[in-house]
Asks: 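What follows is a structure written as structure tokens; I'll ask about it next.
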Amino acid sequence: MAESVSKQRDGRLDMAKGVLIALVVAGHFLEGMNDWTAETVRLPLTMIYSFHMPAFVFLTGITAKPHGILRRIWPLALLLVLFQTAFLLASPWLDPEATFTWNTPYWILWFLLALIWWLVLTPAIHRFPRASVVLSIAVAATASAMPFAGYPFALGRTLTFLPFFVIGYVHGKDILNWCSSTRGAIRGWVVAAAVALPVVLFVLDVDNGWLYGSMSANELNEGAGPGMLTRTALMLVAAIMTAGFLMVIPRMPGTAWSALGRRSLAVFLFHGFIVKAVDPYLPGLLAGNNVLSLLLVAVLTVGTLALTSWRPLDAMVRRIGRPRTATETPRSAPAGVREREPVG
């Protein structure tokens, strides 16, 4: 009985991942429509890209384990090779201008390689949790000044989003419980800030390259010092938005959102083919720059989610890409970190 309880999935994680993967898909359709140029699209894009990947990485850190690293990373490496090859073979039809190199994952596949790097670090994070949190923040803040931290080997995003994985691993369970249990004025202020901050970024017209996390300050026409300040500020924005997001996510394991969350890896990997297939037709659909384009994105997103979360596709990805014993439950706290009782 105790074993079955310990392996029970946390419904909040599934719900949150379900909403986040829907935002990933919607964001890619929005980008295809105008590449951040139309005001109608730039605001929702800014709201999505300000936090959705940091939040996803944070949730990934919560469920990461410090043992069996090779058993966990080789299926991810296999998925990376398979889908890199699949996109390469499909590129003459889906993305004729794409370039493929041996050291750079194609487009969305950066996440698989970054996840491999983060998992390799988990034993050290588990052994030195507090130092890892401080060091990861320092590394992410300075990554924009590192000329080698770009698209190759997914190093740019690996370093930029590293604090969210580390904090999720070390303190994620406590943070998730705090977000679920907080009520009253604190909850209201955090949620309000989570809504207001991306609007501020929109008004300031922050270069969307900063939100991708893969480009250096030099590439974004910033000096090293201002670049570090910008990256630090954006990490804080993403942290507040992630907290606000988790505060409004209920624990509802039987919903379509939680089903999406459980199948998020399959959705993530397969939705790229659909996005690239319709990409050439999307800019013309935004000619009016109006709300109808957003409704179209909603329809495309729902349809893509339905197709890519199809159970056989998910089963195939699970057979290839997940260790047999992997679960979506938070593990015990790292050494030196006091573990608290879960809430609700």
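Please read all numbers here as calculations on a predicted model, not as lab measurements.
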Asks: Can you name the ring-ring contact (aromatic ring centres under 6.0 Å, His included) partners of W102, sequence neighbours left out?
Replies: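 Testing W102 for ring-ring contact (aromatic ring centres under 6.0 Å, His included), a comparison that skips the adjacent residues, returns F153.
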Asks: Kindly work out whether a path of hydrophobic side-chain contacts (I/L/V/M/F/W/Y, heavy atoms less than 4.5 Å apart) joins F245 to V199.
Replies: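 Unlinked, F245 and V199 end up in two clusters.
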Asks: Roughly how far, to the nearest 0.5 Å, is CD1 of I175 from OG of S180?
Replies: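 The distance works out to 11.5 Å.
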Asks: Nearest 0.5 Å please: distance from the CZ atom of F165 over to the CZ atom of F58.
Replies: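 Rounded to the nearest 0.5 Å, the CZ-CZ separation comes out at 12.0 Å.
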Asks: Which atoms form the tightest heavy-atom contact between I69 and V120, and what is the distance?
Replies: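 Smallest heavy-atom distance, with atoms named: CG2-CA, 4.1 Å.
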Asks: Looking at side-chain heavy atoms only, is the closest gap between I274 and F29 below 4.5 Å?
Replies: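 Yes, their side chains come closer than 4.5 Å.
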Asks: Do R262 and D314 sit within salt-bridge range, that is, some charged N less than 4.0 Å from a carboxylate O?
Replies: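 A salt bridge is absent here (no side-chain N lies under 4.0 Å from a carboxylate O).
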Asks: Is there side-chain contact between H28 and D279, with heavy atoms separated by less than 4.5 Å?
Replies: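 The answer is no; the side chains never approach within 4.5 Å.
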Asks: Within the 4.5 Å heavy-atom criterion, are V206 and T46 side-chain neighbours or not?
Replies: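 No - every pair of side-chain heavy atoms lies 4.5 Å or more apart.
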Asks: Do K276 and W107 meet the cation-pi criteria used here (NZ or CZ under 6.0 Å from the six-membered ring centre, within 45° of the axis)?
Replies: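 The answer is yes; both the distance and angle limits are met.
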Asks: For T304 and T301, does a side-chain donor sit closer than 3.5 Å to a side-chain acceptor?
Replies: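 On atom types as modelled, these side chains do not qualify, holding no pair under 3.5 Å.
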Asks: Evaluate the side-chain proximity of R72 to H67: yes if any heavy-atom separation is below 4.5 Å, no if none is.
Replies: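 Yes, side chains in contact.
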Asks: For residues 143-164, which residue pairs qualify under salt bridge (Lys or Arg N to Asp or Glu O under 4.0 Å), counting only residues two or more places apart or in two chains?
Replies: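 For residues 143-164, and leaving out neighbouring residues, there are no salt bridge (Lys or Arg N to Asp or Glu O under 4.0 Å) pairs at all.
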Asks: Side-chain contact, heavy-atom cut-off 4.5 Å: N208 with L45?
Replies: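 SC-SC contact between N208 and L45 ruled out.
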Asks: For the pair F273 and F87, evaluate ring pair (Phe, Tyr, Trp, His ring centres under 6.0 Å) and give the outcome as yes or no after the intermediate values.
Replies: CA-CA 8 Å; F273 294 99; F87 276 114; 4.1 Å; yes
Asks: Determine whether I320 and L70 fall in the same hydrophobic cluster, where Ile, Leu, Val, Met, Phe, Trp and Tyr are linked whenever their side-chain heavy atoms lie under 4.5 Å apart.
Replies: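 In one cluster with I320: L70, yes.
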Asks: Going only through I, L, V, M, F, W and Y residues with side-chain contacts under 4.5 Å, is there a path from L234 to M228?
Replies: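 No, because L234 and M228 fall into different hydrophobic clusters, even though each may have its own neighbours under 4.5 Å.
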Asks: Is any side-chain heavy atom of L82 closer than 4.5 Å to a side-chain heavy atom of L78?
Replies: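 The answer is yes, as the side chains (C-beta and beyond) meet within the 4.5 Å cut-off.
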Asks: Verify the distance criterion only: is there a donor paired with an acceptor across the side chains of Y151 and N103 at less than 3.5 Å?
Replies: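 Y151 vs N103: no donor-acceptor pair found between side chains.
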